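Right, one structure below, let's go through it.
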Amino acid sequence: MNMTDKKLHSQRHSLAHIMATAIKRHWPDAKFGVGPVIDNGFYYDVDLGQNKLSTDDFPIIEKEMKRIISSNTPFDHFDLDIDSAIKWAEENRQPYKLELLNDLKRAGTTSASDIDSEELGLQSDGDSKVEEVSFYRNDDFTDLCRGPHVANTSEVGAFKLIRISGAYWRGKDTNPQMQRVYGAAFETKEKLNEYLQAVESAKKYDHRKLGQELDLFVISPLVGSGLPLFTPRGTVLRDELNRYSQEIRKKLGYQNVWTPHIAKQELYEVSGHWAKFGDEWLTVSSKETKDNLVLKPMNCPHHQQIYSSRPRSYRDLPIRYMETTTDYRDEKAGELIGLARVRSLTQDDSHTFCTPEQIDECISSLVGTVKEFYETLGMNLKARLSFRDESDKYLGDKDLWDKAQGILKNIVEKSGLEYYIGEGEAAFYGPKIDFMGSDVLGRELQLATPQLDFVQPERFGLKYTDEDGQEKTPVMIHFALMGSIERFLAAYIENSKGRFPVWLAPEQIRVITVNQEEETIRFANELKEKALEYNLRIEVDNSNESVGKKIRSSEIMKIPYTLVIGEKEISSGRVSPRIREDLKNGPDIELPKEDFIHKLAHESENRAKVSTLNE
RNA sequence: GCCGUUGUAGCUCAGUGGUAGAGCACUUCCAUGGUAAGGAAGGGGUCUCGGGUUCAAAUCCCGACAACGGCUCCA
């Protein structure tokens with residue numbers, strides 16, 4: 001953290017306490033959980049028992065906070081031994097703080113991962129014995145906390161309370177739910193307003209809004225929630241993205257396979273998925289068989305059945321299958337979000353079966369593929385190493401896990417990508433690299449993911465004959481490049497602001513006629529015929545509207561190239577394309593209509609990022 | 001699933017106890033228009049659904065469903 005970040009951090013952290021102070025003054029029975037600093041601000045978890053805070057209370061709380069701030073009170077800091085701290089929590093009827101302190105005393109270390117050491121006032125010296133915890137005191141309110149704080153309440157900068165939501169105590173859904181009050185906070189009023197405006201304007205690029213405006217997908221209540229339907233335009237995006245995803249993996253040796261959408265429950269009992277996820281699946285009933293059938297929620301077990309259908313030699317490995325196919329998961333109602341979380345998700349899935357020695361090379365090449373794909377689409381990714389934690393929800397040998405995690409970490413480090421470790425984020429069958437994109441509000445979305453799996457091949461009894469004649473179990477690498485097309489689109493539509501490059505644009509060219517004369521319409525239609533020969537996506541707008549209005553409509557639909565056709569173009573045979581602003585790569589240009597079509601066909605095939613008309 | 005907010009025309013929204021509104025979109029007509037909205041007329045809503053209160057409910061109350069913001073979960 002640099003100096004500015006440190007100061008901002010202290011300001012936000014101090015504001016959390018000031019907010020708690022303000023709440024305590026108006027609701028004396030308030031019980032407090034934790035109140036850490038987050039991106040753009042802070043929050044504090046509170047429990048008012050029967051009373052509930054609502055955003056209607058924000059003016060009261062903000063007013064009180066401002067009063068505290070202008071009171072110029074210093075942040076007073078002192079330490080207590082753990083037993084006195086526990087006594088403090090009891091006397092002040094702070095059961096949540098008491099629970100944390102008791103846990104701390106019992107554990108005797110700071111290693112408990114779900115405890116916010118800053119909030120708890122621990123001295124940050126790793127796993128050493130806790131003997132003392134820190135407090136801060138400000139006027140009439142005392143709280144357990146190490147800081148950092150600003151010296152005086154007047155130094156906290158600008159803030160605004162923005163949101164209130166439910167949050168389980170210590171993140172466990174079996175615990176009581178507290179209210180989480182969020183505030184935005186910045187050094188100055190200007191920066192705060194800048195942030196609030198940025199959030200407001202980001203909403204313009206929400207994929208749900210753009211999906212509606214650009215006519216990409218719809219959700220019909222009659223079909224069901226979390227079951228998006230894709231329009232012709234949206235389907236172009238899906239198909240083109242998938243074509244690219246498959247093309248790029250084909251180069252690595254992946255071959256297409258096809259598997260059905262329903263399967264026997266037994267398949268997933270063997271894979272291990274049923275025990276863990278069976279509750280969240282959609283079942284299928286048959287009058288013809290006694291089998292319990294399910295709509296497939298993933299594809300790995302199927303691909304393994306193809307692998308195991310014949311004897312394999314080490315000479316055959318790696319064997320690589322890919323399939324873009326829709327899976328169904330009965331996600332809980334409150335968990336659905338636009339296209340980012342749906343009940344019908346289309347994975348651009350693939351599975352590699354290889355020897356342990358081949359793991360490094362296989363995964364490294366996948367990481368390279370991820371970089372290439374996302375670079376082409378202009379999206380930034382962060383790598384998350386999703387590793388196991390100490391819980392018992394994972395299958396397979398712990399030593400093997402450690403080894404696998406080491407391999408993944410090594411690969412990511414070599415790749416030069418920014419990464420972080422997500423402890424407890426692993427799949428039950430193995431560790432993975434999750435490539436995280438973000439939506440327009442900066443929320444993380446899991447996109448591409450290579451995953452190592454020693455467990456399923458074992459459970460399915462997969463074998464290959466090694467060069468020493470021994471039968472061995474292959475390693476499986478799960479890999480999806482987009483993850484799911486739906487979630488990818490959620491991120492991509494927002495990242496691109498709906499301004500798709502020519503190769504992806506559902507409509508690449510719009511031809512606008514100046515009038516409705518017969519020869520104008522004929523010229524426009526000839527242009528269309530010609531473009532269609534080159535597989536370009538083109539529409540003619542010869543509606544009885546003004547030219548200005550038709551151009552506006554083309555702009556709103558974010559169409560890359562707009563051609564206005566009138567007397568001038570007909571007599572010269574040349575066109576002057578209007579190029580969407582973000583694609584412009586030079587001065588305005590006029591060229592023979594055939595050249596325009598040729599250049600565009602080329603631009604589309606080569607997945608160009610900007611217009612190539614000037615080249 | 002949990003906590004909270006919201007649900008009025010295809011879209012964006014106004015209307016807060018007294019027989020439902022605007023802009024855009026759509027249809028028709030007039031205007032033949034040259035790089036971001038030409039003019040006029042018209043059609044379109046059991047005010048999400050189901051109960052309740054009331055002489056009277058889009059409006060108040062309860063419930064369901066859905067969307068949204070979080071939490072939890074995410075193969």
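Residue numbering restarts at 1 for every chain, and letters A, B, ... go by the order of the sequence lines. Computed over heavy atoms, backbone and side chain alike; hydrogens, waters and symmetry mates excluded. Just so we're clear, the structure is a prediction, and the values are computed from it rather than from any experiment.
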**Message:** Could you work out, with ring pair (Phe, Tyr, Trp, His ring centres under 6.0 Å) as the rule, every residue matching A/Phe460, not counting sequence neighbours?
**Reply:** none

**Message:** Classify A/Lys332 by what it touches in the nucleic acid, base, sugar-phosphate, or nothing, heavy-atom distance under 4.0 Å.
**Reply:** base

**Watson-Crick or G-U wobble mate for B/rU59, both contacts under 3.5 Å** = none

**Prompt:** How about A/Lys296 and A/Thr326: does a side-chain donor come under 3.5 Å of a side-chain acceptor?
**Reply:** no

**Partner residues of A/Lys264 under the salt bridge (charged side-chain N to carboxylate O under 4.0 Å, His left out) criterion, sequence neighbours left out** = A/Glu266

**Message:** Strictly below 4.0 Å, N to O, side chains only: are A/Arg343 and A/Glu331 in salt-bridge contact?
**Reply:** no

**Request:** Please confirm whether any donor atom in the side chain of A/Arg341 sits under 3.5 Å from an acceptor in the base of B/rC73, or the reverse.
**Result:** yes

**Asked** What about A/Trp274, does its side chain sit under 3.5 Å from the base of B/rA75 through a donor-acceptor pair?
**Response** no

**Item:** Result of checking A/Gln347, A/Lys432, A/His351, A/His303 against A/His478 for side chain to side chain donor-acceptor pair (under 3.5 Å)
**Value:** A/His351

**Asked** Given that both distances must come in under 3.5 Å, which nucleotide forms a Watson-Crick or G-U wobble pair with B/rU48?
**Response** B/rA64

**Item:** Sugar-phosphate, base or nothing in reach of A/Lys568, heavy atoms under 4.0 Å
**Value:** base

**Item:** Among B/rU72, B/rA75, B/rG34, the nucleotide that comes nearest once only the side chain of A/Asp173 is considered
**Value:** B/rU72

**Asked** Atom CG of A/Asp47 and atom P of B/rG4: how far apart are they, to the nearest Å?
**Response** 13 Å

**Prompt:** What string of B, S and - do you get for nucleotides 59-70 of chain B, 5' to 3', if B is base contact, S is sugar-phosphate-only contact and - is no contact with any protein heavy atom under 4.0 Å?
**Reply:** -------SSSBB

**Request:** Tell me which nucleotide among B/rA36, B/rU32, B/rA37 gets nearest to the side chain of A/Ser546.
**Result:** B/rA37

**Message:** Looking at B/rA75 and A/Phe428: do their rings stack (centroid distance under 5.5 Å, interplanar angle under 30°)?
**Reply:** no

